[in-house]
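The analysis underlying the following values was restricted to heavy atoms, covering all of them including side chains, and did not include hydrogens, waters or symmetry mates. Numbering of residues begins at 1 and proceeds along the displayed sequence.
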Amino acid sequence: MQTINRFLYGPTAEEKVRAWQGKLRAEQRVLDREMRQLDAATKKAQQTVKQLAKKGDVKSARIMAREVVRSHKQMDRLSVSKARLGSIGNQLQQQLAMVKVTGALQKSTEIMKLSNALIKLPQISQAMREMSMEMTKAGIMEEMLDDTLQMDEDEDLEVEADAEVDKVLYELTEGKLGQAGAAKEDVPSIQDQVEDEETERAMEQYRQQLDGLLSG
């Protein structure tokens with residue numbers, strides 16, 4: 001009988017919630033993987049900043065420090081998004097309790113608000129769009145307008161304040177650069193030029209890796 005009902009009417013409310021909770025956990029694992037990769041790339045970039053600072057290459061150190069700032073902001077964004085996924089999971093658990101009482105899923109403005117925020121994150125945008133559509137059909141959310149789903153890039157990820165870059169330089173160079181003032185740039189020797197070329201290649205590699213993680 002249960003199989004016949006599922007065929008005629010589709011999954012039960014409880015089955016739908018369990019399926020969504022499984023998808024949420026899967027997306028949390030996606031973000032965990034992103035954060036691990038970003039953390040590894042950021043540590044490499046920080047090490048490069050230290051090496052550049054020792055050589056007195058202030059300009060290049062500052063460029064890499066800016067990448068570090070972007071990475072920190074993205075890490076914060078991913079952490080907040082993971083927490084939002086967990087919050088939706090908790091809200092759905094409450095829905096399960098309500099289903100046992102009312103027999104139906106209830107509309108939730110909190111789930112809608114959290115889902116709207118998560119749709120803006122490239123790493124999980126598609127999955128959250130699909131889940132939001134399913135929840136809308138189930139009556140948990142209201143139908144979202146196209147302009148609600150527009151991707152609004154955080155300017156904070158693109159435009160970093162000089163003060164934040166200076167702070168990173170100061171911390172990574174133990175006060176030699178950044179807030180304590182920029183070091184003078186000496187005329188490079190031939191050996192320095194060779195090392196600069198190697199450093200430039202390493203910088204480009206780290207920047208490309210970070211850009212890939214930051215762009216999603």
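Contact annotation: the side chain of Val168 never approaches that of Glu164 to less than 4.5 Å [non-hydrogen atoms, C-beta and beyond]. Looking at heavy atoms from C-beta onward, Arg25 lies out of side-chain contact with Leu85 at the 4.5 angstrom threshold. Within the 4.5 Å cutoff, side-chain heavy atoms of Met135 are placed close to those of Leu92. Side-chain atoms of Leu52 and Ile63, non-hydrogen and from C-beta on, never get closer than 4.5 Å to each other. For the pair Glu130/Lys23, no side-chain contact is recorded, criterion being any heavy-atom separation below 4.5 Å from C-beta on. Between Gln51 and Gln47 there is a side-chain heavy-atom pair separated by less than 4.5 Å. Arg18 has its side chain within reach of Glu14: a pair of non-hydrogen atoms, C-beta onward, lies under 4.5 Å apart. Between Lys73 and Arg70, the closest side-chain pair of non-hydrogen atoms is not below 4.5 Å.
Tracing side-chain contacts under 4.5 Å through hydrophobic residues (I, L, V, M, F, W, Y), one never reaches Leu38 starting from Val80; they form parts of separate clusters. When the side chains of ILVMFWY residues are joined at heavy-atom separations under 4.5 Å, either directly or via intervening members, Leu114 and Met98 end up in two distinct hydrophobic clusters.
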For side-chain hydrogen bond (donor to acceptor under 3.5 Å, both in side chains), just list the numbers for Gln93 and Gln21, CA-CA rounded to whole Å, side-chain angles, deciding distance to a tenth of an Å, and then say yes or no.
CA-CA 8 Å; Gln93 192 63 36; Gln21 288 177 323; 3.0 Å; yes
Go through the steps to decide whether Met64 and Leu172 satisfy the test side-chain contact (heavy atoms from CB on, under 4.5 Å), and finish with yes or no.
CA-CA 11 Å; Met64 289 305 295; Leu172 293 178; over 6 Å; no
Between Arg62 and Asp166, is a side-chain contact (heavy atoms from CB on, under 4.5 Å) present by the stated rule, with each step listed?
CA-CA 8 Å; Arg62 191 171 188 81; Asp166 286 338; 2.7 Å; yes
Let me see the working for Glu67 and Val49 under side-chain contact (heavy atoms from CB on, under 4.5 Å), right down to the final yes or no.
CA-CA 10 Å; Glu67 297 299 318; Val49 171; over 6 Å; no
Given Leu78 and Gln123, is the side-chain contact (heavy atoms from CB on, under 4.5 Å) satisfied, shown in steps?
CA-CA 9 Å; Leu78 292 173; Gln123 288 85 347; 4.2 Å; yes
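Checking each of Glu134, Glu15, Gln95 against Trp20 for a side chain to side chain donor-acceptor pair (under 3.5 Å) leaves exactly one that passes, namely Glu134.
Between the CG atom in Asn90 and the CG atom in Leu24 there is a gap of 10.0 Å [rounded to 0.5 Å]. With rounding to the nearest 0.5 angstrom, the CE atom of Met75 is 10.0 Å from the CD atom of Glu34. Rounding to the nearest 0.5 Å places CE of Met131 at 6.0 Å from CD of Glu27. Atom CD of residue Gln28 and atom OG of residue Ser81 lie 11.0 Å apart, to the nearest 0.5 angstrom. Between Asp57 atom CG and Thr48 atom OG1 the span is 11.5 Å, to the nearest 0.5 Å. Going from atom NZ of Lys44 over to atom OG of Ser71 covers 12.5 Å, rounded to the nearest 0.5 Å.
Put simply, the side chain of Thr173 never gets that close to the backbone of Lys50: no donor and acceptor are under 3.5 Å apart.
More than 12 heavy atoms of other residues, nucleotides or ligands lie within 6.0 Å of NZ in Lys107, so this atom counts as buried by the packing criterion.
Between Glu142 and Thr136, the closest heavy-atom pair is O-OG1, 3.8 Å. Scanning all heavy atoms of the two residues, the minimum distance from Ser115 to Ser132 falls at CB-OG, 3.6 Å. Pairing each heavy atom of Val99 with each of Ala104, the nearest pair is CG2-O, 3.8 Å. Nearest heavy-atom pair across Ser108 and Gln91 is OG-OE1, 3.9 Å. Listed here is the closest heavy atom pair of Ala45 and Val68: CB-CG2, 3.9 Å.
The side-chain contact (heavy atoms from CB on, under 4.5 Å) test applied to Arg33 returns Val30, Arg36, Gln37, not counting sequence neighbours. Under the rule for a side chain to side chain donor-acceptor pair (under 3.5 Å), the partners of Thr102 that lie at least two apart in sequence or sit in another chain are Gln106. Legend: residues meeting side chain to side chain donor-acceptor pair (under 3.5 Å) with Lys137, ordered by chain and number and at least two apart, are absent.
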